[in-house]
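To keep things clear, I will list the structure first and then write my remarks on it.
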Amino acid sequence: MSATPDFRSDDLIYDWNEIGRKGRLIPRDVTFFDETLRDGLQNPSVADPNIEQKLKLIHLMSKIGIHVADIGLPGSSKRAFDDVLRMCREITDNRLPLGVACAGRTVASDITPMIEISQRAGIPVEVYCFIGSSPIRQLAEDWDLDTIVKRSAEAIDVAVKAGLPVAYVTEDTTRSRPDMLATLFKMAIDHGASRLCLCDTVGHATPDGVRNLISFTKAIIAGHGSDGKVRIDWHGHNDRGLALENALWALEFGADRVHGTALGIGERVGNAAMELILLNLKLLGLLEHQDLTHMLEYCNTAAEAVGWQIPINYPLVGRDAFRTATGVHAAAIIKAQGKGDAWLADRIYSGVPAGMFGRKQEICVGYMSGASNVNFWLRQRRIEPSKELVEAILKKAKGSSHILSDEEILAVVDEVNAR
């Protein structure tokens, strides 16, 4: 079958992912909540970015379609307060389509700085007030239910009285008892919270746990008569390696907002990776009109800002995400390009189309390469691939234990040309 630029993907890719699928993953409006500048900075190995780096990140969040960003805990220090205020003013001055949220404990002293920032910046700040709700946390803190209810209600009241939207965050929700959660959720709704944030604080949940907890929460909201008025957030950590999967399932099971961070940075082993949430939703046929070509810059900017090394095999943004030096793989890509078909070349050996996200397929030369790799590499650099030159480069590659660098290949080119 000869491919043309107008063929449908169904003609060439049989998608087993669609067999028996229950439907579209998010059949309603959902929002993406970026925690890079709050939970992401709680990772013990990252640096706190300077304000210019934070400003650049919020611009990039806006470009990739993030709806709301948690930009810090302004009650924690003067610098935190000043940075949050500066970011809020950047958003208003540039009319960025990005909402802001701040986190704080369920104490008035953490809420009042958010109120001041909102008033000074002229922008609504969504208050995410958190308190532990699991039995293990209660034991460690010497809290009882009455204490948690009282502290929570007082904090929510402070924010609501000031006219700020409130998300009530139960830390360690995924290890909390149903009766405890029912009491806390009803209290939060009664006092004016518009969101309930379900937290997998220690990465305990499996997809079954996600389903059970969201179904339980939806029933509490409906039973309270607040269906459609109170929304559900999902915030997950990656201790079991399930953060991304759980975030996607949370949307499937009915969460209205899902949290993530650039590169999955965060406490301990981190959070769900925002760029991978967006990537997967895009490939599932959602986010059709959302331009994700700035995700590479978003991730690289975040990595530079916090002093983070992106693993070479990291999906989408890792150095090797779209590189191959294997002869058979390279030959297939080259043949597809030879047909003048960029769509085909971008998918023949890649489940993630590089061009959709601002990258491209790369062909290298190494110990598993063939002549096609060398010919392609040379032609890309407008060097005539003579038989002698191709054989010399292949000989060098086959005798090496690594992918040849550009400098190593060019040294062979110079050597052959000097003969």
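Just so you know, these numbers use all the heavy atoms, side chains as well, and skip hydrogens, waters and symmetry mates.
Sorted by first and then second residue, the side-chain hydrogen bond (donor to acceptor under 3.5 Å, both in side chains) pairs involving residues 384-401 (not counting sequence neighbours) are E388-R419.
At most 12 non-hydrogen atoms from other residues, nucleotides or ligands lie less than 6.0 angstrom from CZ of R177. Within a 6.0 Å radius of CE in M356, other residues, nucleotides and ligands contribute more than 12 heavy atoms. Annotation for Q290: atom CD counts as buried by contact number, over 12 foreign heavy atoms lying within 6.0 Å. For F216, the CZ atom counts as densely surrounded, since its 6.0 Å shell holds more than 12 non-hydrogen atoms of other residues, nucleotides or ligands. No more than 12 heavy-atom neighbours from other residues, nucleotides or ligands sit within 6.0 angstrom of CZ on R105. I51 CD1: more than 12 foreign heavy atoms inside a 6.0 Å radius.
Inter-residue side-chain proximity for W343 and I348 is flagged as unmet; no heavy-atom pair is nearer than 4.5 Å. Counting only heavy atoms from C-beta outward, the side chains of L278 and M295 approach each other to under 4.5 Å. For the pair Y298 and L296, the minimum side-chain heavy-atom distance is 4.5 Å or more. The side-chain heavy atoms of Q53 and T301, taken from C-beta on, include no pair separated by under 4.5 Å. Side-chain contact between F185 and T217 is present, with at least one heavy-atom pair separated by less than 4.5 Å. A heavy-atom distance below 4.5 Å is not found between the side chains of F33 and V258. In this structure, L37 and D70 have side chains that are not in contact, with every pair of non-hydrogen atoms separated by 4.5 Å or more. Between T174 and C199 the shortest side-chain heavy-atom distance does not fall below 4.5 Å.
With respect to the salt-bridge test (charged N to carboxylate O, under 4.0 angstrom), the residues D227 and K218 do not qualify. Looking at D208 and R211, a side-chain N of the basic residue comes within less than 4.0 Å of a carboxylate O on the acidic one, giving a salt bridge. Ionic pairing of E90 and R95 is not present here: no N-O contact between side-chain nitrogen and carboxylate oxygen is shorter than 4.0 angstrom. Salt-bridge annotation for D190 and K186: absent, with no side-chain N of the basic residue lying under 4.0 Å from a carboxylate O of the acidic one. Look at K63 and D291 and you find no salt bridge, because none of the NZ, NE, NH1 or NH2 atoms lies under 4.0 Å from a carboxylate O.
Between the side chains of E35 and N271, no donor-acceptor pair of N or O atoms lies under 3.5 Å. Between the side chains of E275 and Y314, at least one donor N or O lies within less than 3.5 Å of an accepting N or O. Between the side chains of E408 and H402, at least one donor N or O lies within less than 3.5 Å of an accepting N or O. Of the N and O atoms on the side chains of S176 and T173, not one donor lies less than 3.5 Å from an acceptor on the other residue. Under the 3.5 Å distance criterion, with hydrogens and angles disregarded, no donor-acceptor pair is assigned to the side chains of H259 and D34. Remark: the D172 side chain and the T201 side chain contain no N/O donor-acceptor pair separated by less than 3.5 Å. A side-chain donor from one of Y128 and D233 sits under 3.5 Å from a side-chain acceptor of the other.
Among residues two or more places apart in sequence or in another chain, the salt bridge (charged side-chain N to carboxylate O under 4.0 Å, His left out) test is passed with D82 by K78. The side-chain contact (heavy atoms from CB on, under 4.5 Å) test applied to T326 returns T324, H329, not counting sequence neighbours.
A distance of 8.0 Å separates CG in D83 from OG in S77, rounded to the nearest 0.5 Å.
Ring pair Y14/W16 is perpendicular by interplanar angle, where above 60° counts as perpendicular and below 30° as parallel.
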> For C102 and L73, what are the C-alpha separation, side-chain angles and deciding distance, and is it a side-chain contact (heavy atoms from CB on, under 4.5 Å)?
Replying inline: CA-CA 6 Å; C102 290; L73 296 93; over 6 Å; no
>> Evaluate D341 against R347 for salt bridge (charged side-chain N to carboxylate O under 4.0 Å, His left out), listing each step before the verdict.
In response: CA-CA 10 Å; D341 198 326; R347 289 162 175 81; over 6 Å; no
> So V68 and R257, side-chain contact (heavy atoms from CB on, under 4.5 Å) or not? Walk me through it.
Replying inline: CA-CA 10 Å; V68 183; R257 176 176 287 176; 3.5 Å; yes
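Under the side-chain contact (heavy atoms from CB on, under 4.5 Å) test applied with V374, the options L404, I409, V390, V412 reduce to a single match, V390.
W377 carries R381 over the face of its six-membered ring, with the cationic atom under 6.0 Å from the centre and within 45° of the normal.
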